[in-house]
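To start, the structure under review is shown below, and the notes come after it.
Predicted model only: the values in this text are computed from it and were never measured. Here is the naming used below: chain letters follow the sequence lines, and residue numbers restart at 1 for every chain.
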Number of protein chains: 2
Amino acid sequence: MTTKTSNTFSRSSLKRLPLYLHLLENLTSQGVTSVSCTQIAKEFDLDPTLVRKDIEMTGEVGTARVGFKIISLISKIKSFLGWDQQQDAFLVGVGNLGKAILGYKDFNKYGLNVVAAFDNSPDKIGTKIFGYQILSSSKFVNLAKRKKVTIGIITVPAVFAQGAADLMVEAGIKAIWNFAPAPLRVPDGIILENARLTQSLAVLTNKLKS
Amino acid sequence: MTTKTSNTFSRSSLKRLPLYLHLLENLTSQGVTSVSCTQIAKEFDLDPTLVRKDIEMTGEVGTARVGFKIISLISKIKSFLGWDQQQDAFLVGVGNLGKAILGYKDFNKYGLNVVAAFDNSPDKIGTKIFGYQILSSSKFVNLAKRKKVTIGIITVPAVFAQGAADLMVEAGIKAIWNFAPAPLRVPDGIILENARLTQSLAVLTNKLKS
C-alpha cells in the first residue's frame, strides 16, 4: 500500500508542504514578506512544533522574532518537493479519468510535464485530446526509453493496471502515479504512489450517510 | 485539516474499503464467489486482523472456513459507504480542475451525482461543458436550497475557496468536497473533506528527487 523507499521523510510531513506552499503564495500575493511557524500552524489547526519540523526538513532556517522570509521558504519547499523542475510523464489509459488529467493543465506547477498519452483502443489511437495525439500502447516502451521519461501515470481500468505498471518498469520509468483502484506490484527501487479520489469520496459519503 | 464529525470510524479504515470493493468486483467478474480476510489482506499487504475489523464495521458476517460471500460483502460495503444511492452535488469553479471533474463520469458509481456547475466568469456563464450549462454563482444558494442539494464540490482557486464554502453553508449543503488548496472554516456539523492531488504528487516528486 505504501511506497517502498529509503527516504525517511514521513508521508504526512510531505503532504503538509503543498498546503504551506499555497498559503505562502497567497501571503506573498497580499504583499506579506515574512511568516512564523505559529502563524502557519494556526491557519491549519496544527501544532507549531510540527510545522517547525516540517520546515526544517526543507533546509530553510528562520530568524528569531522575524520568522521565515516567505520568498526564500517558497523556493526551499519547491526545491525540496522537486517542483522547481519538471519531470516528463507518459500517461496510459485515455478513459474519462485519463482525459480529465490530460485536460488539467496545472500539473506543470507541480513538477509534472505530461508529454504523451497511450491507449489500447483502436477507436482512440490517432485521435487528439487536449492537444495530445493518442498513441498505441505498443509504442510505450520504446518511446519512454528513447525520451528517458521518468514518470508513468496509470489511468486504465483496475484489471489492466498491473499490465501498465509492468510496461512502465520495462521502459525504465522511475516513478508510477497510479489512479487505478488496483494494488500494484513493482520491483524495489520503483516509486509507487497511489492517488485515489474514491478514497477521499468514501470518507465524505460515509459521513453524510450517518 | 480533518473533518469534524461524531462518526467514530477511522479515516484509514474508511479509505481501505474502496480498495476491497474494487478487488471484490474483480473477483466476481472472474467467477469467484467467496473470499477470506487472509486473501484480501495478502492482496494489499495488510494484517488479516485489520481487514477483519474493517469488514466488521460494515456489518457483514463471514462463516468459518468459507469466509465471506462476495456478493453480499460488496453490497454491505456499498451501503456502508453510502454508494448504493446517489447524492446530488453542485460544483463551483469551472477552471481546468472543475472541467476535469465534470468530464469524469464515473463518480456516479460512488454515490455522487453532479447536477450543476457554477462560475463567476461572464465568459463561462451560459456556455456548455460536458453537457453542463454553466450557471452564475449568484444563483447557487437559491438553486441548491430548492433542489435540496447535499454535496458541494469546490474547484475554485484557493483565494476564492472560503467564499465558495460560505455560499454552500448558506445554501444548506451538508458536505463539502474541497479540491482547492486552501484551509477552509465551516461550522460544526458540516462535513468537510479535502481531496488534494498535489499532496499525492508531492510524495512522488520528492522521492523521485532524492
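Neither the backbone nor the side chain of Leu17(A) comes within contact range of chain B; no heavy atom of the residue lies under 4.5 Å from a heavy atom of that chain. Within the 4.5 angstrom heavy-atom criterion, no atom of Leu184(A) approaches chain B. Looking at Gln87(A), the atoms closer than 4.5 Å to chain B (heavy atoms on both sides) all sit in the side chain, from C-beta outward. With a 4.5 Å cut-off on non-hydrogen atoms, Phe179(A) touches chain B through its side chain but not through its backbone.
When side chains are defined from C-beta on, Leu19(A) counts as touching Gln199(B), because their heavy atoms get closer than 4.5 Å. Looking at Val159(B) and Glu25(A), their side chains never come closer than 4.5 Å, going by heavy atoms from C-beta outward. Side-chain contact between Trp83(A) and Thr205(B) is present, with heavy atoms from C-beta onward closer than 4.5 Å.
To the nearest 0.5 angstrom, Leu112(B) atom CG is 8.0 Å from Leu204(A) atom CG. Separating the NZ atom in Lys209(A) from the CZ atom in Phe80(B) is a distance of 6.0 Å, to the nearest 0.5 Å. The CG atom of Asn206(B) sits 13.0 Å away from the NZ atom of Lys15(A) when rounded to the nearest 0.5 Å.
Closest of all the heavy-atom pairs between Ala202(A) and Leu81(B) is CB-CD2, 3.8 Å. Nearest heavy atoms, Arg185(A) versus Glu43(B): NH2-O, 3.2 Å. In this structure, Arg11(B) and Lys207(A) approach most closely via the heavy-atom pair NH1-NZ, 4.5 Å. Nearest heavy atoms, Asn194(B) versus Ser200(A): O-OG, 3.8 Å.
Highest contact tally toward chain A, considering only Ala182(B), Ser79(B), Ala158(B), is held by Ser79(B) [criterion: heavy-atom pairs under 4.5 Å]. Among Leu201(B), Thr198(B), Leu197(B), the residue making the largest number of heavy-atom pairs under 4.5 Å with chain A is Leu201(B).
No more than 12 heavy-atom neighbours from other residues, nucleotides or ligands sit within 6.0 angstrom of CZ on Phe160(A).
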